[in-house]
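Order of the sequence lines fixes the chain letters, A, B, ..., with proteins taken first and strands second; residue numbering starts at 1 for each chain.
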2 protein chains.
Amino acid sequence: MTTVGKSHSRTAQALREALEDDIATGRYPPGSRLDEVTLANRFAVSRTPIREALIELSMAGLVEIRPHRGTFVRDIGIPRLVEMFQVMAELEAMCVRLACRRMTAEEQHALQEAHAACVSAAETGSPDNYFHANERFHEAIYVGSHNSFLAEQARALQNRLKAYRRLQLRVRNRVRNSLSEHQAIVDAVLAGDAERAENVLRSHILIQGERFNDFVASLGDARKIG
Amino acid sequence: MTTVGKSHSRTAQALREALEDDIATGRYPPGSRLDEVTLANRFAVSRTPIREALIELSMAGLVEIRPHRGTFVRDIGIPRLVEMFQVMAELEAMCVRLACRRMTAEEQHALQEAHAACVSAAETGSPDNYFHANERFHEAIYVGSHNSFLAEQARALQNRLKAYRRLQLRVRNRVRNSLSEHQAIVDAVLAGDAERAENVLRSHILIQGERFNDFVASLGDARKIG
DNA sequence: TCAATCAACTTTGTATACAATCGATAGGCG
DNA sequence: CGCCTATCGATTGTATACAAAGTTGATTGA
């Protein structure tokens, strides 16, 4: 039985985050069924907040609710995953294009800081540390776009792809390559070269969707990580 | 008291659509409060499906749920609206870029058909007819992208902007200009000129967010339409 | 008279009870 | 023996009841 933090004062929201994490870490693999009463027992709450959390997850596209049948973790096929990364790449490209001409000096500094944090996280060798530093790096670009709606969309999609991006980091040399791509992005942004920044960032994202030989290979180990 | 179609077998989903429409048509203006018991009475259901529908709406960004305070129709300010149209423009540009090299002959034909329908709808003079024909035109482009995830995202955002796009059509000469832009898009797609198609479509969307003198002026009449 | 505090009411959040629908299994029919 | 059908069980969907939090108003004190 798991207890859930009440920071939000709404149990459903906390439940959603807990379930998100469980799905991302593979505790509930794609295609598996999320039984309401089982979940209610596990979290020691009634079915009501569980249902509300499941609805939020279905709106986020993480699960599919089939009426009168149950909710299942969506099995995102490889082709669809590629599609999602393509859209993600375009959103991030748009962010950095805007960021190039809109970032304040402080925001540029924050971007450099985030990049530095990525470098040191990579040196520690902990994939999880690098993962979070990487998220902060991209977040800095979202903020720099000065388009809050775009930033929200980018965050939402990044969240949906979280589990798969995490796996990507276990591909050979991925962290090292990711770092050099980040450096190129920072350089282009500081130089105000929107077109170059856009292209580098786009391929920085796309590469995760394209190199699927490595990806699928790493996917076999995915379940054990959780 | 309003009854709600049971086509989905899930009341909550039907309720969501009904509320979406009510928000879009201005029955519930931005900032207004959506009381659960009032809604439950209106639709002759209990609070449970109402709550579930409201959660779906909040996930879609249409309303904001403030814990223990209530749910309010989000007041989308003009600046945020511009941001949303910018993202919409980019999504559609991506769609048409992909569509240029992926559309089948049948899909190209469907696009031309949709454009023709727009022309005849414009001649009838009914703004609503043109609105729907216009939606089908853009839908043809989404489908033509052959990226189903992108298409879903585009549809979702188009839906969120529905109310405002509808108003745009009441701006002077907007329909006429819209038609000629559509023609240019069709020409570029058939010619396989991705870059040109992308640029035309992008500005076709952006113009709705940019010409806000007209837009705000028309906004005054918005509430009376619903 | 104004401000602060407290209490009652209103509304949301959660739990439980009831209804409806789906799936599986067993029995009958071809 | 196989397939179709009906009934039973399990699970979701909805309603209602209860709990907790917030807001509003009045009352009391300065």
Worksheet item: With the threshold set at 4.0 Å, does a side-chain nitrogen-carboxylate oxygen contact exist between B/R42 and B/D22?
Response: yes
Worksheet item: Taking NZ, NE, NH1 and NH2 as the nitrogens, is one of them in A/R80 or B/E152 under 4.0 Å from a carboxylate oxygen of the other?
Response: yes
Worksheet item: If you draw the axis of the six-membered ring of A/Y142, does the NZ or CZ of A/R155 fall within 45° of it and under 6.0 Å from the ring centre?
Response: no
Candidates [options] - which lies nearest the side chain of [X]:
X     : options                : result
B/P67 : D/dT14, C/dG13, C/dG23 : C/dG13
B/T11 : C/dA15, D/dT14, D/dA15 : D/dT14
B/H68 : D/dT14, C/dC22, D/dG22 : D/dG22

Nearest whole angstrom, please: distance from the [atom2] of [N] to the [atom1] of [X].
X     : N      : atom1 : atom2 : result
A/I50 : D/dT12 : CD1   : P     : 11 Å
B/R51 : D/dA17 : CZ    : C1'   : 15 Å
A/F72 : D/dT12 : CZ    : C1'   : 11 Å
A/I65 : D/dT11 : CD1   : P     : 17 Å
A/D35 : D/dG9  : CG    : C1'   : 14 Å
B/E52 : D/dT14 : CD    : C1'   : 9 Å
A/E56 : C/dG13 : CD    : P     : 11 Å
B/E36 : D/dA21 : CD    : C1'   : 14 Å

On the nucleotide [N], are OP1 or OP2 found under 4.0 Å from the side-chain N or O atoms that [X] carries?
X     : N      : answer
B/R33 : D/dT23 : no
A/R69 : C/dG23 : yes
A/T48 : C/dT14 : no

Discussion item. Please evaluate residues A/E107 and A/H146 with respect to the criterion side-chain hydrogen bond (donor to acceptor under 3.5 Å, both in side chains), reporting the C-alpha separation (whole Å), side-chain torsions for both, the decisive distance (0.1 Å), and the verdict.
Written reply: CA-CA 11 Å; A/E107 287 167 348; A/H146 286 257; 2.9 Å; yes
Item to complete: Establish whether the base of D/dG13 is bridged to the side chain of A/R47 by a donor-acceptor pair shorter than 3.5 Å.
Response: yes
Discussion item. Any donor-acceptor pair, under 3.5 Å, between the side chain of B/R66 and the base of D/dG22, if you only look at N and O atoms?
Written reply: no
Practice prompt. Measure across B/L54 and B/E36 and return the closest heavy-atom pair with its distance rounded to 0.1 Å.
Written response: CD1-CG, 4.0 Å
